[in-house]
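All values below were derived from every heavy atom in this structure, side-chain atoms included, with hydrogens, water molecules and symmetry-related copies excluded. Naming: A, B, ... by sequence-line order, numbering from 1 per chain.
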Number of protein chains: 4
Amino acid sequence: MSPRTSEQFKNIRLKKRQLIMDAALKVISEKGYHTASIALIAKESGVSKGLMYNYFKSKEDLLIAIMVDGFSKVFDQYVIDNRLSPEENVMMLIEQTFDVLDTMQETLMVYFSVLMNNEVFTLVKDKLNEIVEPIMEGFTQVMARLGYENPIAEAYFLRFILDGISMNYLLIPEQFPKEYCVNRIKQIYITQK
Amino acid sequence: MSPRTSEQFKNIRLKKRQLIMDAALKVISEKGYHTASIALIAKESGVSKGLMYNYFKSKEDLLIAIMVDGFSKVFDQYVIDNRLSPEENVMMLIEQTFDVLDTMQETLMVYFSVLMNNEVFTLVKDKLNEIVEPIMEGFTQVMARLGYENPIAEAYFLRFILDGISMNYLLIPEQFPKEYCVNRIKQIYITQK
Amino acid sequence: MSPRTSEQFKNIRLKKRQLIMDAALKVISEKGYHTASIALIAKESGVSKGLMYNYFKSKEDLLIAIMVDGFSKVFDQYVIDNRLSPEENVMMLIEQTFDVLDTMQETLMVYFSVLMNNEVFTLVKDKLNEIVEPIMEGFTQVMARLGYENPIAEAYFLRFILDGISMNYLLIPEQFPKEYCVNRIKQIYITQK
Amino acid sequence: MSPRTSEQFKNIRLKKRQLIMDAALKVISEKGYHTASIALIAKESGVSKGLMYNYFKSKEDLLIAIMVDGFSKVFDQYVIDNRLSPEENVMMLIEQTFDVLDTMQETLMVYFSVLMNNEVFTLVKDKLNEIVEPIMEGFTQVMARLGYENPIAEAYFLRFILDGISMNYLLIPEQFPKEYCVNRIKQIYITQK
DNA sequence: GATGAATGAGAGTTCATTCAT
DNA sequence: CATGAATGAACTCTCATTCAT
């Protein structure tokens, strides 16, 4: 029996790392960062507690990895296309927002729960800013093309609206007036222009 | 000296209870619920650990009390005055929102941090709904008077905007475009009407 | 039942603190610092693991407390009496050394085991130096009175001899030629003078 | 290429074994036995963790091997030459002692740190005695030739002095009065005779 | 022979909660 | 009413050792 090649080891590591991150995301989104114990995450991953520390040097490190990974995926879905009209871009943003909300609930639950917890947020703040910044620039460009005098502020304003909507969509999905909100934002940014 | 009446005892209890809740709110808003230990809260209150359990039967119980109490105070500040025009009421809502944000940051930080943690939120959900419901009704009436076809959905929509704004105002106060946002909401609900 | 006075609490604390330190000294002297687990020390003390941290903020802190306490006691037994002749003082030093070795074996075992372990020694180095320094000054004075040209170096030399003797007395007590060594040192410092 | 002979294999094994022991000695002398993890020693050796267990059946086994090996080397440097005068032999002993201290600090640091930890010392005690015994016999012969009535006890006494000196030379090299000590021992054993 | 992923026991530590006084 | 000593379960994390490849 020949020993495993370093290629094989690398593959094992990558797969198991992802396995652990997926399980951790699930558990943390359900119970919150502090209540999700390493023991529980290990159990959910089908992995020993000890092994977790072969892949992540601490619980904090695991959280950061999950957040950064999840957020890259989230914001990869936000795309500004300059060949389209700004109105079309706004419509895309709205659609993309709800797409993300539907497909990445767990990630977003963790995001929001971490967001307001200074203690934990500090750990990921910088990493998240790096990811969010280019999106905000895209927003700003669209607002400029829509003719807003203060496109930066308007980009923030749209972000705030989408934040409020996202949070409530996750918290009270059954009573959330999705269609109404979509139309309402369109009306604000498109029809009334 | 005559012995204290049971009325006096009750007052002392209420005051000490409030003292503990205030200290707990402070500590929890600074360090987060899990990191704020009972020992620390007791110290901050100037009360022994043992005595805390005379006033609150558990740490969770204390958290619930703080949340409910804080929320009553928060929403007491939201008033709809039917003698005023709906436009004036919207303007009041906006002002009231920022008033609350400025005066009750601690309460709101704790609220938001607890919000996305299912486990804890479940405990206060019903209580909070009781408190929020009448406010939402007020919002709905205003929207009806403003002529919206679906005033319930529009009330929700405004709430979502205010939620998004509140969250970000707390998180990024220094870069928050307050004036712009105030004017923008006025524009949506008043000028354009 | 009236609550305990703060005096009573203080007494309880002092007694239990000493109880833990005694048990810890015993266990550490038998098994070494690293092998002596908090669980074991707690068991030996008849106290819960958790309580240990009510008295010492860490295992390191406990070690330091034990060492400093033990060393104060050890070196309190070394006394230079200037009314006596320097020869008499040397004889006293020798007697005191064996007294200490006979009565404080545990403390000295811990001292020697910690001494050569940089990692652990660093923790107590400064505290121990404070305690040892005055003793060394006493040694130096005696050597000066005995007429040594370099009394500081000679004080060190005597200390080195006593260190070597102490270490071996603890390690190989059954084959240690105690009487011979006592006489030999006397011969070096007294008879031959 | 002809296949390697079993002799060659044996050599390769011995070399790698020594490689591991050297790395382990370095790491253990720096961090102490308990803090020096197998992972770290493996890394320092450039050998996998698994392979280490091919050469040493446990961490303890590795420690014992290091100690025994180091001690053979240490005491190989102590030579009694009966063709020389006993005074010359004493002078050689002193020189050899400082030679060993200067060239084998790491080994000696580990020796001293392990010495007072009963648990570990027990394991190497017998092996060390085997090595030390012939040296002690040499010391005894020299003392007999110097005319001491109890040469065994005097040999011990010299050993204790050298132990005390060695320990302190390792611990406080910068303030150690080396020249003074060398002359002082000469004075005791040679001049005063 | 050689690898490092994987384990499991146990380490130090924290903390909500209880209870004798 | 009031105290803080005391507990015990759970926490994060480490590490010598094993084993499939």
Side-chain angles (χ1 to χ4, degrees), chain A residues 1-6 8-10 12-13 15-17 34-42 46-62, chain B residues 9 12-13 16 34-43 47-62, chain C residues 1-6 8-10 12-13 15-17 34-42 46-62, chain D residues 9 12-13 16 34-43 47-62:
Chain A
M1 266 170 289
S2 59
R4 274 178 278 219
T5 64
S6 78
Q8 284 173 309
F9 278 126
K10 206 172 167 185
I12 291 174
R13 280 193 77 78
K15 271 189 188 159
K16 188 130 296 184
R17 194 182 148 91
H34 279 103
T35 313
S37 71
I38 289 285
L40 202 58
I41 294 171
V47 142
S48 72
K49 264 191 302 172
L51 191 60
M52 308 253 342
Y53 289 86
N54 195 319
Y55 289 89
F56 303 94
K57 70 178 198 291
S58 68
K59 194 185 173 185
E60 266 185 16
D61 189 48
L62 171 58
Chain B
F9 273 122
I12 292 172
R13 271 193 77 80
K16 187 150 280 182
H34 282 98
T35 312
S37 69
I38 289 285
L40 195 59
I41 294 170
K43 201 175 182 179
V47 147
S48 74
K49 266 191 293 177
L51 193 55
M52 303 228 9
Y53 285 83
N54 205 314
Y55 289 89
F56 303 93
K57 72 176 200 290
S58 70
K59 195 183 175 187
E60 245 178 27
D61 188 46
L62 170 59
Chain C
M1 265 170 289
S2 59
R4 274 178 278 219
T5 63
S6 78
Q8 285 173 310
F9 277 128
K10 205 173 169 187
I12 291 173
R13 280 194 77 80
K15 272 189 188 157
K16 188 130 293 182
R17 194 182 147 93
H34 279 102
T35 313
S37 70
I38 289 285
L40 202 57
I41 294 171
V47 143
S48 71
K49 264 195 299 174
L51 190 60
M52 308 251 343
Y53 289 86
N54 194 318
Y55 288 90
F56 302 93
K57 70 178 198 292
S58 68
K59 194 185 175 186
E60 266 185 16
D61 190 47
L62 171 57
Chain D
F9 272 123
I12 292 173
R13 270 194 77 79
K16 187 150 281 184
H34 282 98
T35 313
S37 70
I38 289 284
L40 195 59
I41 294 170
K43 201 174 184 181
V47 147
S48 74
K49 265 188 297 176
L51 193 55
M52 303 228 9
Y53 284 85
N54 204 315
Y55 289 88
F56 303 94
K57 71 176 200 290
S58 70
K59 194 185 174 186
E60 245 177 24
D61 189 46
L62 171 58

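- Residues satisfying the side chain to side chain contact (heavy atoms under 4.5 Å, CB included) criterion with A:T5, sequence neighbours excluded, are A:E7, A:Q8.
- The separation between D:F56 atom CZ and F:dT18 atom P is 16 Å, rounded to whole Å.
- Among residues two or more places apart in sequence or in another chain, the side chain to side chain contact (heavy atoms under 4.5 Å, CB included) test is passed with A:S48 by A:L51.
- C:T35 meets the side chain to side chain donor-acceptor pair (under 3.5 Å) test with D:H34, D:E119; sequence neighbours excluded.
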Distances under 3.5 Å between protein N/O atoms and the N/O atoms of nucleotides 8-10 of chain E, please, pair by pair.
from   : atom 1 : to    : atom 2 : distance (Å)
E:dG10 : O6     : A:K49 : NZ     : 3.1

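- The interatomic distance linking C:I41 (CD1) with E:dA11 (P) rounds to 11 Å, in whole Å.
- The phosphate of F:dA20 has neither OP1 nor OP2 within less than 4.0 Å of any side-chain N or O from A:R4.
- Regarding A:K57, its NZ atom lies at a distance of 16 Å from the P atom of F:dT12, rounded to whole Å.
- For E:dA5, one of the phosphate oxygens OP1 or OP2 lies less than 4.0 angstrom from a side-chain nitrogen or oxygen of A:N54.
- One atom, NZ of D:K43, and another, P of E:dT3, lie 15 Å apart when rounded to the nearest Å.
- Sequence order on DNA chain E of the closest nucleotides to C:H34 and A:V47 puts A:V47 first from the 5' end.
- In this model, the phosphate group of F:dT17 is approached by a side-chain N or O of D:Y53 to a distance below 4.0 Å at OP1 or OP2.
- Checked against side chain to side chain donor-acceptor pair (under 3.5 Å), C:N54 has the following partners two or more places apart in sequence or in another chain: C:R13.
- Look at A:R13 and you won't find any side-chain N or O under 4.0 angstrom from OP1 or OP2 of E:dG4.
- Ranked by how close their nearest DNA chain F nucleotide is to the 5' end, D:E60 and B:M52 are led by B:M52.
- In this structure D:F56 satisfies the side chain to side chain contact (heavy atoms under 4.5 Å, CB included) test together with D:R17, D:I20, D:M21, D:D61, D:L62, D:A65, sequence neighbours excluded.
- Taken over five-pair windows at either terminus, the axes of the helix from E:dA2-F:dT21 to E:dT21-F:dA2 are inclined to one another by 10° (rounded to 10 degrees).
- Checked against side chain to side chain contact (heavy atoms under 4.5 Å, CB included), C:I38 has the following partners two or more places apart in sequence or in another chain: C:K49, C:M52, C:Y53, C:K59.
- Within the nucleic acid shown, B:S58 comes within 4.0 Å of sugar-phosphate atoms alone, with no base atom in reach, counting heavy atoms only.
- Distance CD (A:Q8) to P (E:dG4): 12 Å, rounded to an integer number of Å.
- The residue D:I38 sits close to a base: some heavy atom pair falls under 4.0 Å.
- Nearer the 5' end of DNA chain F, as judged by each residue's closest nucleotide, is the contact made by C:K10, out of C:K10 and A:K59.
- Using a 4.0 Å heavy-atom distance criterion, D:Y55 is classed as a sugar-phosphate-only contact.
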